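To start, the structure under review is shown below, and the notes come after it.
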Number of protein chains: 2
Amino acid sequence: MNPGQAEHAEHEVRTALAQRRVRYTPARRLVVEALSRAAGPLAAGDLHERLGGRVPLSSLYRTLAVLEEAQVLTREHDAAGVARYELAEWLLGHHHHLVCSVCGEVRDVGVDPAVETTITRLVARVAADAGYRAAGHRLDIEGTCAACRTA
Amino acid sequence: MNPGQAEHAEHEVRTALAQRRVRYTPARRLVVEALSRAAGPLAAGDLHERLGGRVPLSSLYRTLAVLEEAQVLTREHDAAGVARYELAEWLLGHHHHLVCSVCGEVRDVGVDPAVETTITRLVARVAADAGYRAAGHRLDIEGTCAACRTA
DNA sequence: TTCCTTGCAAACGATTTGCATTGGA
DNA sequence: TCCAATGCAAATCGTTTGCAAGGAA
């Protein structure tokens, strides 16, 4: 997310939290800022590092829980089972993940809207056939990143 | 997986393990059988239950690790971060997952091969654009299952 | 004052591992 | 015989929580 977008997201978050009567404290702001700078979902440990240890892990987890509850961010789990957090889709935009099977890096990747429409339609049909009502989808692309391919 | 397919998978597993000089012990067979009967990936706790506690959890985890190492099964993590295991794609066939966001159930779902081809091509292109070489993909469809919609 | 937030330390739960025992080739 | 597999108990590690102190409204 570029600086302009990040600033915009910042404002959206402030508004969303205000509506939910949730305070936008320094720790929460630090987390939102770090996540808007990230190229993909981050683990609590990553965030802790990037914040220079200014937010202790237990507080960090609590902060993350509050922001998740407020739907400002989402949580998922990487191949190792470690939780990774990123800004919610309404802030970051719909996207998918490139996962390097060598180093484990997870990177956001956008997809052409026309193609997304195709995927969404397909997903809805597959779900309906199985008696589900589709609400969303997640597409992870496993592969090898350029760095790991070179090394 | 129907009984005929399960029997076939059973044989494939036996062969694969033999080639790798890995024994097909009773515990390993029980796990493979339970997984071929499952409608989706199971957590270690689920397996432990389905096996009537005959395989202690620590042994079960070791069994799962051996079978994963032998590429007989794969591990992933559900929304709660708990590991779930299922037979590898070369045994089960390529498929995707329907995830009920209410009860958390994960169910396998196959997709029309023509559509799979489309997805695979799209995935390869998206990956290439980002400097990745695509090796596979994973599509999870989030929704509400019929049971949870009715309740 | 009255909540909400914080930080430390202790608790938790899923998963892993050390070690002594068992069992198959 | 010998190495792999097992089962129990203890350890590990990411994550959560109890509790007392600090801060904002």
Side-chain angles (χ1 to χ4, degrees), chain A residues 13-14 16-35 40-70 72-86 104 106, chain B residues 13-35 41-70 72-86 104 106:
Chain A
V13 169
R14 176 184 304 283
L17 292 184
Q19 283 181 343
R20 291 169 173 270
R21 314 254 184 288
V22 174
R23 291 188 201 155
Y24 198 28
T25 68
R28 290 170 194 172
R29 184 168 336 194
L30 285 171
V31 167
V32 169
E33 280 167 6
L35 288 180
L42 301 180
D46 298 334
L47 276 165
H48 184 250
E49 254 184 35
R50 294 191 185 207
L51 299 182
R54 280 191 298 278
V55 181
L57 267 175
S58 69
S59 300
L60 190 46
Y61 276 112
R62 264 196 277 237
T63 297
L64 291 165
V66 167
L67 294 176
E68 187 188 0
E69 172 69 22
V72 164
L73 52 81
T74 58
R75 176 182 31 193
E76 59 195 286
H77 292 265
D78 64 20
V82 175
R84 283 173 180 258
Y85 304 82
E86 69 180 348
V106 182
Chain B
V13 169
R14 175 185 306 282
T15 305
L17 291 182
Q19 284 181 342
R20 290 169 172 270
R21 314 253 184 291
V22 173
R23 292 187 200 156
Y24 198 29
T25 68
R28 291 169 193 174
R29 185 166 337 194
L30 285 172
V31 167
V32 169
E33 281 168 4
L35 288 180
L42 300 181
D46 297 335
L47 277 164
H48 184 251
E49 251 184 38
R50 294 191 185 207
L51 299 182
R54 281 191 298 279
V55 181
L57 268 175
S58 69
S59 300
L60 189 46
Y61 277 113
R62 263 197 276 239
T63 297
L64 291 165
V66 168
L67 295 176
E68 187 187 1
E69 172 69 21
V72 164
L73 52 81
T74 58
R75 173 178 38 186
E76 58 194 288
H77 293 265
D78 63 20
V82 175
R84 284 173 180 258
Y85 305 82
E86 69 180 349
V106 182

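A, B, ... follow the sequence lines: proteins, then strands. Residue 1 opens every chain. Treat the numbers as computed from the prediction; the structure is a model and nothing was measured.
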Find the distance [X]:[atom1] to [N]:[atom2] and express it as a whole number of Å.
{"X": "B:L60", "N": "C:dT16", "atom1": "CG", "atom2": "C1'", "answer": "13 Å"}
{"X": "A:L42", "N": "D:dG14", "atom1": "CG", "atom2": "C1'", "answer": "16 Å"}
{"X": "B:L30", "N": "D:dT6", "atom1": "CG", "atom2": "P", "answer": "10 Å"}
{"X": "A:L57", "N": "D:dT17", "atom1": "CG", "atom2": "P", "answer": "15 Å"}
{"X": "B:Y61", "N": "D:dA10", "atom1": "OH", "atom2": "C1'", "answer": "16 Å"}
{"X": "B:L51", "N": "D:dG7", "atom1": "CG", "atom2": "P", "answer": "12 Å"}
{"X": "B:L64", "N": "C:dT16", "atom1": "CG", "atom2": "P", "answer": "9 Å"}
{"X": "B:H77", "N": "C:dG13", "atom1": "NE2", "atom2": "P", "answer": "19 Å"}

Please confirm whether the backbone N or O of [Y] pairs with a side-chain atom of [X], one donor and one acceptor, at under 3.5 Å?
{"X": "A:R75", "Y": "A:A83", "answer": "no"}
{"X": "A:R84", "Y": "A:P41", "answer": "yes"}
{"X": "A:R28", "Y": "A:L67", "answer": "no"}

Q) Could a donor-acceptor pair under 3.5 angstrom be found where the side chain of B:R62 meets the base of C:dG18? A)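 Check passes, donor-acceptor contact within cut-off.
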Q. Looking at D:dG7, does its base get a donor-acceptor pair with the side chain of B:R54 below 3.5 Å?
A.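 Not at all, since no donor on one side and acceptor on the other fall under 3.5 Å apart.
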When we call it a touch if two heavy atoms are under 4.0 Å apart, what does [X] touch: a base, just sugar-phosphate, or nothing?
{"X": "A:A65", "value": "nothing"}
{"X": "B:A43", "value": "nothing"}
{"X": "B:R75", "value": "sugar-phosphate"}

Return the nearest nucleotide to the side chain of [X]; candidates are [options].
{"X": "A:R23", "options": "D:dC19, C:dA14, C:dC4", "answer": "C:dC4"}
{"X": "A:T25", "options": "C:dT5, C:dC19, D:dT15", "answer": "C:dT5"}
{"X": "B:T63", "options": "C:dT15, C:dG7, D:dT6", "answer": "D:dT6"}
{"X": "B:P56", "options": "C:dT6, D:dC8, C:dT15", "answer": "D:dC8"}

Q) Under 4.0 Å: is that the gap between some side-chain N or O of B:S58 and OP1 or OP2 of D:dG7? A)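 B:S58 to D:dG7 OP1/OP2: no side-chain N or O under 4.0 Å.
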Q.
Counting only side-chain nitrogens and oxygens, does A:R28 get under 4.0 Å of the OP1 or OP2 atom of C:dT5?
A.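 Checking A:R28 against C:dT5: at least one side-chain N or O falls below 4.0 Å of OP1 or OP2.
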Q. Roughly how far, to the nearest 0.5 Å, is the OG1 atom of B:T63 from the CG atom of B:L30?
A.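 Atom-to-atom, B:L30:CG and B:T63:OG1 are 9.0 Å apart.
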Q. Is there side-chain contact between A:V66 and A:V22, with heavy atoms separated by less than 4.5 Å?
A.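 A:V66 vs A:V22: side chains touch.
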**Q.** 5' precedence on DNA chain D between B:V55 and A:S59 (nearest-nucleotide basis)
**A.**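 With B:V55 and A:S59 compared, the 5'-side residue is B:V55.
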